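See below for the structure under consideration.
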Protein chains: 4
Amino acid sequence: MRIGVLTSGGDCPGLNAVIRSVVHRAVVDHGDEVIGFRDGWKGLLECDYLKLDLDAVGGILARGGTILGSSRVQPSHLRDGVERAKGHVAELGLDAIIPIGGEGTLKAARLMSDSGLPVVGVPKTIDNDIAVTDVTFGFDTAVGVATEALDRLKTTAESHQRVLVVEVMGRHTGWIALHSGMAAGAHAIVVPERPFDIEELARRVGERFDAGKRFAIVVAAEGAKPRPGSMEFDEGGKDIYGHERFAGIARQLSIELEQRLGKEARPVILGHVQRGGTPTAYDRVLATRFGWHAVEAVHRGEFGHMTALRGTDIVMVPLAEAVETLKTVPADRYEEAECVL
Amino acid sequence: MRIGVLTSGGDCPGLNAVIRSVVHRAVVDHGDEVIGFRDGWKGLLECDYLKLDLDAVGGILARGGTILGSSRVQPSHLRDGVERAKGHVAELGLDAIIPIGGEGTLKAARLMSDSGLPVVGVPKTIDNDIAVTDVTFGFDTAVGVATEALDRLKTTAESHQRVLVVEVMGRHTGWIALHSGMAAGAHAIVVPERPFDIEELARRVGERFDAGKRFAIVVAAEGAKPRPGSMEFDEGGKDIYGHERFAGIARQLSIELEQRLGKEARPVILGHVQRGGTPTAYDRVLATRFGWHAVEAVHRGEFGHMTALRGTDIVMVPLAEAVETLKTVPADRYEEAECVL
Amino acid sequence: MRIGVLTSGGDCPGLNAVIRSVVHRAVVDHGDEVIGFRDGWKGLLECDYLKLDLDAVGGILARGGTILGSSRVQPSHLRDGVERAKGHVAELGLDAIIPIGGEGTLKAARLMSDSGLPVVGVPKTIDNDIAVTDVTFGFDTAVGVATEALDRLKTTAESHQRVLVVEVMGRHTGWIALHSGMAAGAHAIVVPERPFDIEELARRVGERFDAGKRFAIVVAAEGAKPRPGSMEFDEGGKDIYGHERFAGIARQLSIELEQRLGKEARPVILGHVQRGGTPTAYDRVLATRFGWHAVEAVHRGEFGHMTALRGTDIVMVPLAEAVETLKTVPADRYEEAECVL
Amino acid sequence: MRIGVLTSGGDCPGLNAVIRSVVHRAVVDHGDEVIGFRDGWKGLLECDYLKLDLDAVGGILARGGTILGSSRVQPSHLRDGVERAKGHVAELGLDAIIPIGGEGTLKAARLMSDSGLPVVGVPKTIDNDIAVTDVTFGFDTAVGVATEALDRLKTTAESHQRVLVVEVMGRHTGWIALHSGMAAGAHAIVVPERPFDIEELARRVGERFDAGKRFAIVVAAEGAKPRPGSMEFDEGGKDIYGHERFAGIARQLSIELEQRLGKEARPVILGHVQRGGTPTAYDRVLATRFGWHAVEAVHRGEFGHMTALRGTDIVMVPLAEAVETLKTVPADRYEEAECVL
């Protein structure tokens with residue numbers, strides 16, 4: 001068989017581990033040929049690819065990033081390109097395409113699949129917001145990086161007798177905030193799923209100081225928002241240069257908390273560091289298993305599906321289901337966290 | 001309510017996180033009192049304990065070890081002590097006991113429960129060999145430590161053009177070997193579940209050298225054994241001092257591989273470093289959730305059960321089920337690993 | 001003897017290691033008594049202290065922050081307090097004071113020393129800007145944290161085909177930028193000591209893209225500034241809330257580079273994470289040696305001095321010298337770095 | 001100019017950083033050509049080499065091992081090969097050779113230099129035992145790895161109420177033991193420079209238990225030996241297979257301590273993990289500077305010398321001096337450590 005692989009969307013630790021695993025399983029065990037499209041869907045649309053043999057994937061397992069490159073493509077551009085993609089697939093004699101990516105990529109994968117292309121998807125997101133899988137690779141690494149930063153920030157907050165408001169990734173869901181906050185023993189966590197009341201939050205943090213503690217750590221998902229009317233809120237938007245303004249939840253929360261508590265409060269924005277670099281062992285194992293099972297699905301002809309983790313098993317779920325809903329932090333998980341902070 | 005907690009068995013990253021979580025959930029949310037027995041079951045049998053309030057568990061979330069101490073107690077000693085334990089529980093007015101421990105501890109927990117004590121167990125093992133839960137805390141940290149070591153050893157093996165045989169923990173099961181070997185891209189993994197054939201193993205490693213590679217990493221679970229008749233094997237046992245001899249699978253494998261391959265082969269024994277120190281974020285979250293749910297089970301009166309992870313949910317399973325079988329590495333997981341090494 | 005210790009100024013990995021070392025050396029080897037003043041000079045002025053015995057410093061060697069707390073005190077406030085400090089020192093029967101801190105603290109130490117108090121200083125700064133010592137503890141940890149972040153950011157910059165401008169600590173000197181930039185193989189480093197020309201910087205980064213590379217990392221010390229006239233520059237200052245505006249060199253540089261290069265450029269601000277948490281082994285050893293030698297200086301009556309590293313030796317230098325000049329990045333060190341980026 | 005580089009001896013984190021730095025400085029700034037000999041001196045003797053341009057050293061800065069390979073060559077073999085080496089140098093038109101290696105390599109470098117070859121050495125050893133430089137790259141990484149392991153082992157030792165005897169590298173000198181032991185707060189350190197008295201050591205560790213502590217960590221350099229007559233000591237040697245027996249100081253010490261103290265004692269042998277993998281930021285900076293200055297020395301024609309760190313400066317020292325004496329742990333450094341353990 002001949003299989004084409006591509007990686008699309010934002011960086012995510014574990015992408016290379018999937019690529020390597022696909023190649024090992026396909027080439028060594030099945031005697032397949034594998035090619036990799038450069039820069040995501042763009043490579044498929046422009047027929048830009050390289051051959052992936054064992055040497056090409058040597059030493060990449062623990063490396064962050066993706067040896068294939070990635071890019072974001074407009075959905076409309078993709079829709080217009082379906083026929084072109086089909087042409088290239090035919091031309092190259094491909095029996096299957098394995099796109100590795102997040103929500104946008106999986107939607108594109110479904111589009112391609114619906115139009116008749118033999119597609120097996122592999123989900124990827126550091127945000128952990130894909131509903132049909134227990135977890136995706138990249139998330140564990142992101143949580144690990146955020147937790148290590150929080151561990152460090154605690155001693156500084158304590159020495160300086162401050163409130164630190166630490167912004168972690170998560171525009172639409174609070175998974176990274178929830179897990180890193182629990183793991184590091186943050187004193188409050190705010191997530192997009194639960195608009196916060198600023199007075200309540202200030203009271204909560206204030207009680208900690210009243211009890212004689214000298215610092216507090218608040219973890220805020222970047223997409224966290226106040227309950228309407230709870231406080232003035234700057235949604236960000238573009239600045240005069242046309243750049244995102246990074247008003248930022250952390251910055252606004254520190255100002256509001258400082259005013260209410262009379263304690264120094266400072267924002268820390270972890271940023272891109274959460275989505276790059278060497279993956280944790282957990283993510284490498286999960287990514288490797290996803291790659292392995294994607295190849296198996298190809299050989300079984302189980303197209304239009306993607307790999308997913310359920311308990312300890314890798315299962316295949318229809319792409320149609322995969323992108324229906326976002327997996328948000330449910331109320332009981334949030335309560336668990338809140339109670340042990 | 002009044003709850004007693006104890007930790008028993010070998011060290012395991014996450015023990016303190018469970019203790020802290022039990023105290024936070026019980027004291028803050030339910031207004032309970034919590035005491036901790038010192039040195040495992042011994043503390044219960046000897047009525048040796050300390051009060052656990054919020055201050056007592058401050059700053060312990062990320063710390064390895066257990067603030068309560070631990071010890072191994074003979075099962076017979078425990079059986080004889082049941083009545084004494086019941087006496088102390090009555091004396092102290094305890095409504096529940098939460099023992100945190102591995103297979104031996106859970107068996108003891110069942111014994112205590114069967115004799116009428118209100119017990120809710122929390123499973124703990126770096127070995128990941130408890131069948132009724134998807135995973136236990138401590139395992140992720142152990143795999144992470146082993147993987148980091150393997151990452152380092154790869155460059156040395158390559159520079160020295162050697163075979164390194166790396167022994168990781170796992171007397172009865174090969175989970176740590178399997179996951180760390182997959183995560184680090186080892187070239188062969190041997191586990192207790194699949195007695196290896198030394199000729200086959202040597203052939204496999206030899207093919208790598210034939211293909212022009214200059215080194216190889218073999219990961220061996222400490223309990224891995226050759227197929228009967230495959231090679232002479234020293235089971236270890238006591239030396240003249242009465243100490244364990246540490247003949248060791250890694251040592252024997254390196255000798256055998258060196259003889260067969262004509263390449264330098266060296267053993268590395270990772271040892272205790274896998275079971276101590278700060279837990280990963282993953283283990284801290286899991287341990288915290290276990291502690292939280294153990295308290296909830298106490299309040300629901302769901303005794304004779306222990307916490308378990310199923311998918312992303314924490315569920316309660318009967319202690320009776322918990323200790324029936326060991327969770328071993330199934331054939332398909334081993335094949336997955338083997339194929340992408 | 002009776003010795004008082006205090007920590008003052010911003011957080012710095014290794015403070016606890018010094019405190020512990022002072023106590024071990026003084027108490028165990030000399031039979032001294034040690035007390036610790038709370039929250040820096042404030043504790044001395046207000047006679048707020050605790051006894052420091054071996055138990056008090058148990059387990060703190062690897063912990064970030066300071067068990068004594070810290071604070072920043074106005075120099076004028078200190079000058080007015082000298083007599084009060086002398087009174088407390090007499091009252092408590094102290095034979096020596098060991099203040100651990102940065103430039104401000106060492107100036108205060110000199111003031112106290114000049115007024116007749118028996119002072120032995122220990123220098124501390126993550127910025128590495130104290131001229132009379134080869135290096136101070138805290139710096140190695142800060143560089144390590146920044147380097148690890150840069151390692152991670154590289155894969156993301158590459159996947160996203162971006163310029164990342166990473167802001168590290170260093171208001172007045174570029175040591176952290178220089179070392180982390182060299183260690184991580186950044187593609188340009190800007191430091192306060194060498195005002196940059198934005199056109200030259202853009203050209204340098206642009207050449208990289210012209211040569212076919214797909215990303216670039218620029219490391220900027222927070223105090224880096226453009227050559228006058230090179231570009232418009234917002235010095236920051238207060239916003240409408242009276243808070244620092246964090247205009248930030250990284251943010252401004254990314255806008256300027258994006259406009260000139262036509263490549264996406266994004267700022268990342270590492271912030272406080274560089275100054276907290278567990279110290280590296282290097283910093284623990286240096287901090288421990290500083291504490292040890294400070295106690296020896298006390299016993300030799302070598303007051304008005306502070307510990308310093310020269311090569312591999314710890315020597316004592318007069319406090320008067322210590323604060324005269326800032327140690328800036330010399331031209332040849334900058335050239336070394338620039339040439340191998 | 002045309003420069004040849006080679007790496008020789010055991011693995012050491014930072015080798016690739018030197019290679020990369022030599023290439024960057026020589027190729028980019030001087031317009032030189034650089035070639036790398038494969039597998040150390042062997043490559044020079046057999047004229048086995050590859051071209052090293054910027055692409056060849058891309059992405060290797062943070063990688064352990066050496067892209068050139070390494071090997072150990074018999075001194076006699078080298079002596080016989082001098083003429084052959086000279087022939088190859090002439091043939092290839094080389095203006096300089098930069099060998100990177102430890103004591104053996106530097107001796108060979110001197111031999112080559114004395115016979116008229118233009119040699120500039122770069123010292124390398126994780127053991128830190130080269131007298132003419134304050135420190136060599138690789139040492140900081142080795143100490144960091146050992147310290148991290150000791151941090152982890154402490155919690156296990158405490159939970160299990162044991163003595164752990166941890167063997168670190170250092171056949172002839174105790175630098176790694178000294179620094180990692182100080183950094184981790186070990187309770188005793190034994191080094192080759194100070195033969196220990198087993199009774200005294202047992203007494204010291206015993207006092208700790210008498211004081212109510214429940215565990216102890218002893219760090220032993222692999223070359224540590226008892227004072228003659230202090231205890232029976234097995235020097236190791238070959239076993240029946242002709243393999244080193246690894247009797248090991250840690251193993252023997254644990255037996256002796258267990259017998260004397262009546263406490264469980266266990267050996268842990270860290271092994272090769274100390275000499276591989278990604279270098280610390282400190283080692284990357286030092287290695288990079290060594291490479292840079294080696295190229296400068298070549299261009300100044302300063303042959304027969306090697307790079308060395310003195311304070312914060314890189315200086316050139318004659319190869320003749322470099323290998324005269326081993327840098328051992330001096331008495332005062334050992335005392336410093338002992339007093340704060």
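Every chain is numbered from 1, with letters handed out A, B, ... down the list of sequences. None of these values were measured; they are calculated from a predicted model.
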Check each atom of Thr280(D) against the heavy atoms of chain C and say whether the ones under 4.5 Å are side chain, backbone, both or neither.
neither

Rounded at 0.5 Å granularity, tell me how far [atom1] in [X] sits from [atom2] in [Y].
X	Y	atom1	atom2	result
Asp332(C)	Asp313(D)	CG	CG	7.5 Å
Tyr282(C)	Asp283(D)	OH	CG	11.0 Å
Leu61(C)	Thr147(D)	CG	OG1	9.5 Å

Contact class of Lys213(C) relative to chain D, heavy atoms under 4.5 angstrom
side chain

Asp134(C) versus chain D, heavy atoms under 4.5 Å apart: side chain, backbone, both or neither?
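The answer is both parts of Asp134(C).
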
Who wins among Ala184(D), Ala211(D), Ser180(D), Ala62(D) for the most heavy-atom pairs under 4.5 Å with chain C?
Ala184(D)

Check: Glu336(D) and Arg25(C) side chains under 4.5 Å, non-hydrogen atoms
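When only atoms from C-beta onward are counted, Glu336(D) and Arg25(C) do not touch, as no gap falls below 4.5 Å.
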
Partner chain D: residue of Glu296(C), His293(C), Arg284(C) with the largest heavy-atom pair count (under 4.5 Å)
Arg284(C)

Might you point out which heavy atoms bring Val285(C) and His179(D) nearest each other, and give the distance in Å?
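Looking at all heavy atoms of both residues, the closest pair is CG2-O, 3.5 Å.
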
Closest heavy-atom contact between Gly144(C) and Ala281(D)?
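Closest heavy-atom pair between Gly144(C) and Ala281(D): CA-CB, 4.3 Å.
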
